[in-house]
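Quick note on labels: first sequence line is chain A, next is B, and so on, each numbered from 1. Everything numeric here is computed off the predicted structure, so don't read it as measured data.
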Amino acid sequence: MPAPTHAVLRPVEFEILLTLAQGERHGYAIIQETEARSDGELQLETGTLYRALRRLVQAGYVRPVGRRRVAEGEDERRRYYAITSLGRQAAASEASRMARLLAAARAARLIPAVVR
Amino acid sequence: MRAPRRGERFIRRAYRALLRVYPASFREEYGQDVEETFVDGYRAAQGGNLTRAKYLAGALADVVANGWRERMTPQPRTGTLYWQDLRYAFRLLRRSPVFTLLTLIVLSGGLGLSIFTFSFLHTAMLKPLPFGDGERIVRIAQETTAGTSGLDAADVAAMRPAIQTLAELGAYTTRDLVLGDDGHERVIDATATEWNIFELTRTPPALGRGFRADDQAPGAEPVVVLSHWAWERIFGADSTVVNRVVDLSGTRARVIGVMPRGYGFPVAAEA
């Protein structure tokens, strides 16, 4: 599903959209999941996360969905963020671009072909 | 509910202060989120003081770097942002009620004082006198090194034939007099004037007559025109008082008229 109208996402922004594509998350959960996905290689800093979130909110890719309890019986609340349909399109467009790059890299024998 | 420990509260407060590196608009939108995410990370950083210290050092570097970068990032300004600014200002004011109250008190005090000053100056100096053609009436006084004082009666008489800028010239002086019949005397603030005072102020008396030129002639009977106030207080608003001879500080004077309510010359003379 190529949608070339979207601007190229920064890696941080793509990571956030990737996490939010699985459901609404609060800030610390985004950091944890991104870290887990990269096997601890990508450690998102708090400031980097929220500056990226701000850009994504301004672009209409992400929207805050209000404050909720983190767990039952907990008094503390966190603000949750959700991906918008526009954000999904942008992330999909970015993923397609990456897939094309990956195919090109395989064709150039930079990485081994996928063994099915 | 997890009771926050003292150390965490302190660190939280310090972090919040540190967040000032970020521009205000960012703090307003994401400050609380950033702080909470920081606390989540701090709680997760278990495993001794070294892990925590490393986490805090990382957080410090993160705030300084990203706050500075955010300040350097130009933000799109739209029309709605002015509304946001306004809301932000109100939120800030609500957050510090003592400061807001103090500011309001100082502002309203200053405003009240300047309104009072202006209205006083307006009444005393700018507004025309409350008589017909009030804006054309001026007061003449002489100014010497000793200050401002009235003119000498002889000077007024000498000035009168030569004056061209004024249509009429009248002289007056004020003094305290005792007015009234037996048992009803009162000290009043009286104005002694030349006969043309009521012509000058374009105000006819409510009862009786005003002064005439022959009242001022040498040997004429002393006459007095009462203010509405004096007529009510001293003579009980008795309309037969006109033409009665009353005692005015030992001088027998005939009451010839009563002025309408609110009239006073030069300010609020009582007779």
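The 12-atom threshold is not exceeded at CZ of R13(B), counting heavy atoms of other residues, nucleotides or ligands nearer than 6.0 Å. The number of heavy atoms from other shown groups lying within 6.0 Å of CZ (R37(A)) is above 12. At most 12 non-hydrogen atoms from other residues, nucleotides or ligands lie less than 6.0 angstrom from CD of E41(A).
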Open item on the list: For a side-chain contact (heavy atoms from CB on, under 4.5 Å) check, start with the C-alpha distance between D40(B) and H26(A), then their side-chain angles and the critical distance, and finish with the verdict.
Closed with: CA-CA 11 Å; D40(B) 286 340; H26(A) 60 80; 4.2 Å; yes
Task: Pair D33(B)-Y28(A), side chain to side chain donor-acceptor pair (under 3.5 Å): steps then yes or no - done: CA-CA 9 Å; D33(B) 286 15; Y28(A) 190 63; over 6 Å; no
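Note: G47(A) leads A29(A), P64(A), G47(A) in heavy-atom pairs under 4.5 Å with chain B.
For F26(B), the parts lying under 4.5 angstrom from a heavy atom of chain A are both the backbone and the side chain. At a 4.5 Å heavy-atom cutoff, I30(A) makes no contact with chain B through either its backbone or its side chain. Looking at V63(B), there are no atoms closer than 4.5 Å to chain A (heavy atoms on both sides), in backbone or side chain. With a 4.5 angstrom heavy-atom cutoff, Y80(A) does not touch chain B via any of its atoms.
Remark: E70(B) CD to T48(A) OG1 distance equals 10.5 Å, nearest 0.5 Å. Atoms OG1 and OH, on T37(B) and Y50(A) in that order, are 2.5 Å from each other to the nearest 0.5 Å. Rounded to the nearest 0.5 angstrom, D62(B) CG and T46(A) OG1 are separated by 5.0 Å.
Contact check on R43(B) versus E76(A) returns a salt bridge, with a Lys/Arg side-chain nitrogen under 4.0 Å from an Asp/Glu carboxylate oxygen. Salt bridge annotation for R77(A)-E36(B): absent, with no cationic side-chain nitrogen under 4.0 angstrom from a carboxylate oxygen.
Here the side chains of R79(A) and Q32(B) are not in contact, with every heavy-atom distance at 4.5 Å or above. Looking at R51(A) and T73(B), their side chains come closer than 4.5 Å, going by heavy atoms from C-beta outward.
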